[in-house]
2 protein chains.
Amino acid sequence: MKHLPHKTIERLSQYRRALLICLDKGQTHIYSHEIAKIQHITAVQVRRDLMLIGYTGTLRKGYNVKELIELIGEIIDSQEGINVAIIGMGNLGRALINYFAGKRSHLKIVASFDINPDKIGNTMSGVPCFSSDDMGKIIPEKNIKVGIMTVPAEFASQTTDALVKAGIKGILNYTPKPVTVPKEVYLEEYDMITSLEKVAFYVKLNEKEEE
Amino acid sequence: MKHLPHKTIERLSQYRRALLICLDKGQTHIYSHEIAKIQHITAVQVRRDLMLIGYTGTLRKGYNVKELIELIGEIIDSQEGINVAIIGMGNLGRALINYFAGKRSHLKIVASFDINPDKIGNTMSGVPCFSSDDMGKIIPEKNIKVGIMTVPAEFASQTTDALVKAGIKGILNYTPKPVTVPKEVYLEEYDMITSLEKVAFYVKLNEKEEE
DNA sequence: AGAAATTTGTTATTTTTTTCACACTGTTAG
DNA sequence: CTAACAGTGTGAAAAAAATAACAAATTTCT
């Protein structure tokens, strides 16, 4: 397999989640149009994505839920699992920890960091909180590959630098402040304000078009 | 102006945020490649986006920060402002409220909802918390157009239905569960797990390529 | 058994988004 | 004054992503 499109990667992750729910319900097979409906996309797109990863369903029966989950796992998960840290134990950081707590997954949140002494030393949902000053030590020690930044915007740059220095390989930045990383580090930025403004924009547009 | 591409809308929102920071610093002009660098995109793309909204800069001086901020506002903001509600006062809901608190913006969070009696009646950062049962009353009353869903996944569907029934026009779903809305409601879903899995995937890929 | 219906897999097409290439124009240096 | 430079604006091309169209295969119906 050469290059999976970026968008396909995202969708595979989403398909898997939908499929896991189906599996829990005891559903053994699923049609492309069922997956499509859940994800608000077209059935063709689902089939194309699955074609790209080389999975073929059963004609008239659809896709085998269990098999597909496993295949997606082989594609997007890494063999050994990946350790993740959350930097910034504010509301957002805590939300993420709860989110992930107890989820079977190859992604394990193994540490969190904060500068607030009241938080350092505590454990939340099994995740210990360390001082941000110790990132340089803990990150290599625990073999942490990915960092999720949920610090206040004003600390975004310095936190990024510290993460990079500590040898992190990927950063997911939830700070509203864009940061810069060397090209060997994969960076994904997500900005809640942008999403909200986008929704507002299209709401406005819909209203206008109704007139 | 006909149709701005989806992606352009998102970027405009981001440009504006970067520009606001520049403005605060006292910077009066900015080059396309400076904006580009902040957003990790190319200068051509910035120029093209600005072309699409009909803004023209000054040759050799770049773009006037203040003017551009205002123009972007005219394009993406709505005249009257838009009222927003947060449904689910868990960690994520609180994170969002803090995020927006005190931000000058045409988007105003005017209410939050929860089912926990301890939270109902409280005010956080100036935002009152109501019972989820009262959405049908409060949403029209306060003219709330957009709802941000930060409830646990298992309540996603029923919350969506209640929002739609209450007359909401746009939903931003932070729940990991995809929901369905009638087509006159604009829906945006964002899934943190997908983002994290994507980062992990590309980290893995980078490591493989290094071999 | 044959026809109708349904669903997959894939090629071709279209649409959307990004990038290239370059004309144009002030600005600065000599 | 002129040449080199550094920026903008934009048509054209390329790349990425989504959609359409349809053959093939299996099930169901009659």
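Below, chains carry the letters A, B, ... as their sequence lines are ordered, and counting in each starts from 1.
- Between B:Arg60 atom CZ and D:dG9 atom P there is a gap of 14 Å when expressed in whole angstrom units.
- Under the 3.5 Å distance criterion, the side-chain polar atoms of A:Glu34 are matched with a main-chain donor or acceptor of A:Tyr31.
- Judged by distance alone, with hydrogens and angles left aside, B:Arg48 brings no side-chain donor or acceptor close enough to the base of D:dT8 to form a pair under 3.5 Å.
- Annotation: side chain of B:Leu163 is in contact with side chain of B:Ile87 (closest heavy-atom distance under 4.5 Å).
- Ring geometry, A:Phe130 versus A:Phe113: the interplanar angle falls from 30° to 60°, so the pair is classed tilted.
- Here the C1' atom of nucleotide D:dG9 and the OH atom of B:Tyr55 are 14 Å apart, to the nearest Å.
- Nucleotides of DNA chain C nearest to B:Lys61 and A:Met51 differ in position, and the one nearer the 5' end is that of A:Met51.
- Between A:Leu23 and A:Lys66, some side-chain heavy-atom pair lies under the 4.5 Å cut-off.
- Taking atom CD of A:Gln45 as the reference point, atom C1' of C:dT16 lies 13 Å away to the nearest angstrom.
- The distance between atom OH of A:Tyr31 and atom C1' of C:dA5, rounded to the nearest whole Å, is 12 Å.
- Atom CG of B:Leu52 and atom C1' of C:dT16 are 12 Å apart (whole Å).
- Comparing A:Ile41 and B:His33, the nucleotide of DNA chain D nearest to each residue sits closer to the 5' end for B:His33.
- In this structure, B:Leu4 atom CG and C:dT17 atom P are separated by 11 Å, rounded to whole Å.
- Of the candidates D:dG9, D:dC22, D:dT26, D:dT26 carries the atom nearest the A:Leu59 side chain, counting heavy atoms from C-beta on.
- Listed nucleotides: D:dA17, D:dT8, C:dT17. Nearest to the side chain of B:His6: C:dT17.
- Contact check, A:Arg11 against D:dA18: a side-chain N or O comes under 4.0 Å of OP1 or OP2.
- In this structure, A:Lys7 places its NZ atom 13 Å from P of C:dT16, rounding to the nearest Å.
- Taking 4.5 Å as the limit, every side-chain heavy atom of B:Ile82 sits out of range of all side-chain heavy atoms of A:Glu207.
- Heavy-atom distances to DNA chain D give each of A:Val44 and B:Ser32 a nearest nucleotide, and the one nearer the 5′ end belongs to B:Ser32.
- Between the C1' atom of D:dG7 and the CD1 atom of B:Ile30 lies a distance of 14 Å, rounded to the nearest Å.
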